[in-house]
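Remarks on the structure that follows.
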Amino acid sequence: MKDESEIIITLPDGSQRNYPKGVTAMQIALSISEGLARNVIAAKVGNEVWDPGRAIEENSLVKLLTWNDTDGKATFWHSSAHLLAEALEALYPGVKFGTGPSLERGFYYDVDLGEHSISQDDFPKIEAKMLELARQKNEYVRQPIGKEEAIAYFKEKGDEYKLELLDGLEDGSITLYQQGNFTDLCKGPHIPNTGIIKAIKLTNIAGAYWRNKQENKMLTRIYGITFPKQKELDEHLALMEEAKKRDHRRLGKDLELFAFSEKVGQGLPLWLPKGAMLRERLESFLRKAQTRAGYLPVVTPHIGSKELYVTSGHWDKYGKDSFQPIKTPNIGEEYLLKPMNCPHHCEIYKTSPRSYKDLPIRFAEFGTVYRYEQSGELHGLTRVRGFTQDDAHIFCRPDQVKSEFLKVIDLVLYVFNSLGFDDYSAQISLRDPENKQKYIGADSDWEKAETAIIEAAAEKGLETVTELGEAAFYGPKLDFMVRDALGRKWQLGTIQVDYQLPQRFQLEYTGSDNQKHRPVMIHRAPFGSMERFIAILIENTAGQFPLWLSPDQIAILPISEKYAEYAEEVFFQLQDHDIRGFVDHRDEKIGRKIRDAEVTKVPFMIIVGEKEMEEGKISIRRKGEGDLGSLTIAEFADFFKKEAKV
RNA sequence: GCCGUUGUAGCUCAGGGGUAGAGCACUUCCUUGGUAAGGAAGAGGUCAGGGGUUCAAAUCCCCUCAAUGGCUCCA
């Protein structure tokens with residue numbers, strides 16, 4: 001006979017134990033080992049994360065969470081946000097609170113400071129207060145509360161933001177959490193007490209619209225990060241410093257890849273010779289892959305008649321927020337800087353009648369487009385106002401959509417793999433079902449397109465996340481997202497299924513039935529844009545590009561000017577083997593020349609002096625590795641060719 | 001676009017109401033050196049731009065521009 005007052009707790013390893021009803025995760029941990037109990041900061045009960053001190057009433061699967069679990073960290077940081085709030089309330093009486101969630105790395109709290117204002121200079125003071133409160137080891141106490149009562153509490157406190165949040169909550173599901181003198185509306189969970197927060201760093205301060213809506217008031221958002229050990233905070237800060245060194249804006253300047261000029265204009269990058277070199281190599285790499293995959297190159301102008309974009313719908317959708325029309329001496333004649341290549345490609349499609357036998361047709365172009373991005377959005381090369389898409393449009397029959405889509409996925413993955421981009425996520429970007437007026441086209445087309453994407457991604461075994469509201473206005477997308485050095489997410493490759501533009505442009509083909517049919521369009525860009533892709537490439541490689549992409553692959557370093565002539569000769573011979581580089585003719589010692597080649601990340605150094613000249617050889621030194629010994633030019637060229645393979 | 005921060009030599013930065021500083025880079029000279037910085041001298045700035053306060057502004061205030069951290073947006 002089962003004891004009614006006991007419940008069965010199943011642990012992740014499958015083992016089961018009996019505990020009295022109402023047992024807490026902390027008690028379970030204690031029953032296993034004291035060491036474990038010290039480290040437990042939350043628990044996963046079934047599918048929910050719970051406070052370790054919350055009573056478990058039913059048979060459950062329980063996973064004890066520590067700092068090493070993602071959910072454990074999230075709980076830790078969420079509790080840290082409450083600690084920040086407590087400190088702010090103590091230091092700035094009357095402050096009102098928005099929301100304070102955990103992030104992937106750290107947490108923030110949005111606050112309305114009222115009369116007060118704070119800046120980064122106040123961080124030490126706030127951090128000190130947080131530490132002081134942490135040391136009090138105040139417990140996080142969960143208090144279920146009725147809605148009426150909660151409303152009364154926050155009315156009394158005068159916090160209209162919490163009242164607004166309460167408005168959307170259902171009676172019976174509301175809880176408050178209290179630690180020390182601070183009480184917050186919060187569904188939890190939280191760590192046992194503030195004492196385990198040992199290391200605190202507030203990182204930055206920014207404005208953020210209440211509830212992320214532009215029409216709302218702007219609150220002050222304070223970001224921070226905390227750790228259970230000071231050492232971990234130190235390590236984190238050191239890691240951030242390292243990440244900053246990989247910032248493409250820093251490296252772009254150091255390695256002379258690109259620049260910006262106030263005089264040229266905001267968000268309009270200038271490609272310097274080394275950057276242009278890199279870019280050209282990437283372009284020819286993709287051109288080659290695209291030729292193999294049956295793409296046909298096309299070229300279109302940088303401007304197009306406004307009518308073109310009225311037809312495509314771009315003018316209607318983005319017209320007022322883009323670069324404004326270019327006028328001609330003729331009255332009423334207007335042109336737009338090209339914001340997208342697709343309308344031009346549609347017109348190319350229309351230059352001749354198409355048969356079902358011709359399809360799919362794949363037009364590819366490195367097309368430079370101009371978009372008036374909001375000034376606050378511009379960011380290095382990742383968000384600019386003039387950029388080049390590795391664009392192509394596939395016009396195909398409806399029955400070809402899926403196979404074409406699959407081929408494009410292959411191409412994108414080939415590009416990513418070739419460049420060592422293994423840390424990406426595939427995102428299916430669908431329409432926001434709540435906000436359908438943001439998009440053009442019939443529901444049935446959208447459904448077909450969305451189904452095609454979902455099926456194709458599944459067929460390729462891609463691990464995807466789905467985001468509602470992220471679709472383009474004419475169709476859903478499969479986006480390949482990557483992170484930059486500082487952890488921000490960017491869209492690189494994108495594949496989009498589009499039923500709208502073929503209709504707007506009245507695109508047709510003649511079917512086997514001798515009837516007119518409408519093709520489907522697939523927009524795709526494996527890099528996304530050359531600018532953004534290169535930005536991420538710079539950060540991923542920390543400027544140490546694969547050999548085949550390096551702007552300078554070799555630096556020829558004569559020991560002294562006596563060997564200048566031999567160095568030149570070696571240079572020309574290596575050039576004949578398609579090896580790029582330069583001779584360092586400066587009047588410097590070899591140590592200096594090596595150092596400079598090392599810091600500018602040249603993959604190979606060729607050292608030539610008395611010995612080499614006599615033997616007709618060259619000494620090879622590899623960046624970061626050192627002397628590789630001497631070879632003949634032909635030997636080196638062979639070795640190099642193998643190394644430089646994509 | 002919004003909230004905040006920043007803007008001093010080519011770069012990285014110090015200074016902070018009383019005639020502008022360092023290191024690196026650059027130029028010249030010396031040095032001809034064998035695997036991560038040889039030495040010396042020199043040149044270089046309307047202190048982002050404009051307006052104001054002041055006997056005096058790079059420094060304080062306002063505006064503009066740009067960069068930057070976020071938010072919003074992102075075809």
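Every value quoted in this text rests on a predicted model; they were computed, and no experiment measured them. Lettering follows sequence order; numbering is per chain, from 1.
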- Message: Please report the distance separating the C1' of B:rA56 from the corresponding atom of B:rG69, rounded so that it comes out in whole Å.
- Response: 37 Å

- Looking for any heavy atom pair under 4.0 Å, which part of the strands does A:Ser619 touch: base, sugar-phosphate only, or nothing? base

- Query: Which is true for A:Arg622 with a 4.0 Å heavy-atom rule: it touches a base, it touches only sugar-phosphate, or it touches nothing?
  - Reply: nothing

- Query: Under 4.0 Å: is that the gap between some side-chain N or O of A:Arg250 and OP1 or OP2 of B:rU12?
  - Reply: yes

- Once you round it to whole Å, what is the distance between P of B:rG38 and CD of A:Glu561? 16 Å

- Query: Would you say the side-chain atoms of A:Glu307 and A:Ser305 include a donor-acceptor pair closer than 3.5 Å?
  - Reply: no

- Note on the structure: Ranking B:rU35, B:rG34, B:rG70 by distance to the side chain of A:Tyr223, first place goes to B:rG70

- Message: For a quick test of reading the model: is some side-chain N or O of A:Arg592 closer than 4.0 Å to OP1 or OP2 of B:rA36?
- Response: no

- Counting any heavy atom closer than 4.0 Å, what does A:His523 reach on the DNA or RNA strands: base, sugar-phosphate only, or nothing? nothing

- Do A:Arg383 and B:rC74 share a donor-acceptor pair, side chain to base, under 3.5 Å? yes

- Determine: side-chain N/O of A:His379 to OP1/OP2 of B:rG70, distance under 4.0 Å, yes or no. no

- Just compare B:rG34, B:rG1, B:rG70 and give me whichever is closest to any side-chain atom of A:Gln214. B:rG1

- Mark yes or no for a side-chain to base donor-acceptor pair under 3.5 Å between A:Tyr372 and B:rG1, with no hydrogen or angle criteria applied. no

- Message: I want to know whether A:Tyr349 and A:Phe363 have ring centres closer than 6.0 Å.
- Response: no

- Among B:rG1, B:rG34, B:rC11, the one nearest any side-chain atom of A:Lys253 is B:rC11

- Query: So which nucleotide from B:rA36, B:rG33, B:rG1 ends up closest to the side chain of A:Ile594?
  - Reply: B:rA36

- Query: Nearest to the side chain of A:Arg221, which nucleotide is it out of B:rU35, B:rG70, B:rA37?
  - Reply: B:rG70

- Message: Please report the distance separating the C1' of B:rA36 from the corresponding atom of B:rC3, rounded so that it comes out in whole Å.
- Response: 46 Å

- Watson-Crick or G-U wobble mate for B:rU46, both contacts under 3.5 Å: none

- Quote, to the nearest angstrom, the P distance that separates B:rA20 from B:rA9. 14 Å

- Note on the structure: Quick note, A:Lys611 side chain, CB onward, closest among B:rG34, B:rG4, B:rU35 is B:rG34

- Look at all strands and tell whether A:Gly376 reaches a base, only sugar-phosphate, or nothing, counting heavy atoms closer than 4.0 Å. base

- When all nucleic acid strands are considered with a 4.0 Å heavy-atom cut-off, which category describes A:Asp627: base, sugar-phosphate, or nothing? base

- Message: Taking pairing as Watson-Crick or G-U wobble with both contacts under 3.5 Å, can you name the mate of B:rC60, or confirm there isn't one?
- Response: B:rG52

- Message: Judged by each residue's nearest nucleotide on RNA chain B, which is more toward the 5′ side, A:Tyr563 or A:Ala206?
- Response: A:Tyr563

- Mind checking whether A:Tyr474 and A:His523 have ring centres under 6.0 Å apart? yes

- Query: To the nearest angstrom, how far is A:Phe258 atom CZ from B:rA67 atom P?
  - Reply: 13 Å

- Atom CD1 of A:Ile222 and atom C1' of B:rC3 are separated, to the nearest Å, by 13 Å

- Looking at B:rU5, does its base get a donor-acceptor pair with the side chain of A:Asn204 below 3.5 Å? no

- Task: Nearest whole angstrom, please: distance from the P of B:rC3 to the CG of A:Asp112.
- Result: 15 Å

- Message: With hydrogens left out and only the distance checked, is there a donor-acceptor pair under 3.5 Å joining A:Asp587's side chain and the base of B:rG33?
- Response: yes

- The side chain of A:Arg249 lies closest to which of these nucleotides: B:rA37, B:rU32, B:rG69? B:rG69

- If we ignore angles and hydrogens, is there a donor and acceptor under 3.5 Å between the side chains of A:Gln427 and A:Ser425? no

- Task: Grab the CG-P distance between A:Asp110 and B:rG4 for me, whole Å please.
- Result: 15 Å

- B:rG33 base to A:Glu610 side chain: any donor-acceptor pair below 3.5 Å? no

- Note on the structure: Separation of B:rC74 atom C1' from A:Gln389 atom CD, nearest Å, is 12 Å

- For the side chain of A:Lys589, counting heavy atoms from C-beta on, which of B:rU35, B:rG33, B:rC73 is nearest? B:rG33

- Item | Base-pairing assignment for B:rU27 (Watson-Crick or G-U wobble, both under 3.5 Å) | B:rA41

- Query: Given A:Ile222 and A:Leu88, is the side-chain contact (heavy atoms from CB on, under 4.5 Å) satisfied, shown in steps?
  - Reply: CA-CA 10 Å; A:Ile222 300 173; A:Leu88 290 172; 4.0 Å; yes

- Query: Going by atom types only, do A:Ser619 and A:Ser630 share a side-chain donor-acceptor pair under 3.5 Å?
  - Reply: no

- Query: Counting only Watson-Crick or G-U wobble pairs whose two distances fall under 3.5 Å, which nucleotide matches B:rU6?
  - Reply: B:rA66

- Message: Taking the C1' atom in each of B:rU35 and B:rG4, what is the distance between them to the nearest angstrom?
- Response: 49 Å

- Tell me what A:Glu588 touches on the nucleic acid: a base, only sugar-phosphate, or nothing, going by heavy atoms under 4.0 Å. base

- Counting any heavy atom closer than 4.0 Å, what does A:Ala208 reach on the DNA or RNA strands: base, sugar-phosphate only, or nothing? sugar-phosphate

- Using atom OH of A:Tyr209 as one end and atom P of B:rC2 as the other, report the distance to the nearest whole Å. 8 Å

- Query: Does A:Glu365 come within less than 4.0 Å of A:Lys338, counting only side-chain N to carboxylate O?
  - Reply: yes

- Value in whole Å for how far the P atom of B:rG4 lies from CD1 of A:Ile118: 12 Å

- Query: Is there a donor and acceptor pair, one atom on the side chain of A:Glu598 and one on the base of B:rA36, closer than 3.5 Å?
  - Reply: yes

- Message: Once you apply a heavy-atom cut-off of 4.0 Å, does A:Glu612 come out as touching a base, just sugar-phosphate, or nothing?
- Response: base

- Item | hbond_proxy A:Gln120 side chain to B:rU5 base (donor-acceptor, 3.5 Å cutoff) | no

- Selected nucleotide, minimal atom distance to A:Ile205 side chain, candidates B:rG4, B:rG34, B:rC24: B:rG4

- Query: Would you say A:Lys306 has more than 12 foreign heavy atoms packed within less than 6.0 Å of its NZ?
  - Reply: yes

- Of the candidate nucleotides B:rU68, B:rU35, B:rG7, which contains the atom at the shortest distance from the side chain of A:Glu262? B:rG7

- Task: Please tell me which of A:Gly609 and A:Ser322 maps to the more 5' nucleotide of RNA chain B, matching each residue to the nucleotide holding its nearest heavy atom.
- Result: A:Gly609

- Can A:Lys489 and A:Glu104 be said to form a salt bridge (Lys or Arg N to Asp or Glu O under 4.0 Å), step by step? CA-CA 12 Å; A:Lys489 262 185 161 182; A:Glu104 254 169 87; over 6 Å; no

- Message: It should be established whether A:Ser375 places a side-chain nitrogen or oxygen under 4.0 Å from OP1 or OP2 of nucleotide B:rG1.
- Response: yes

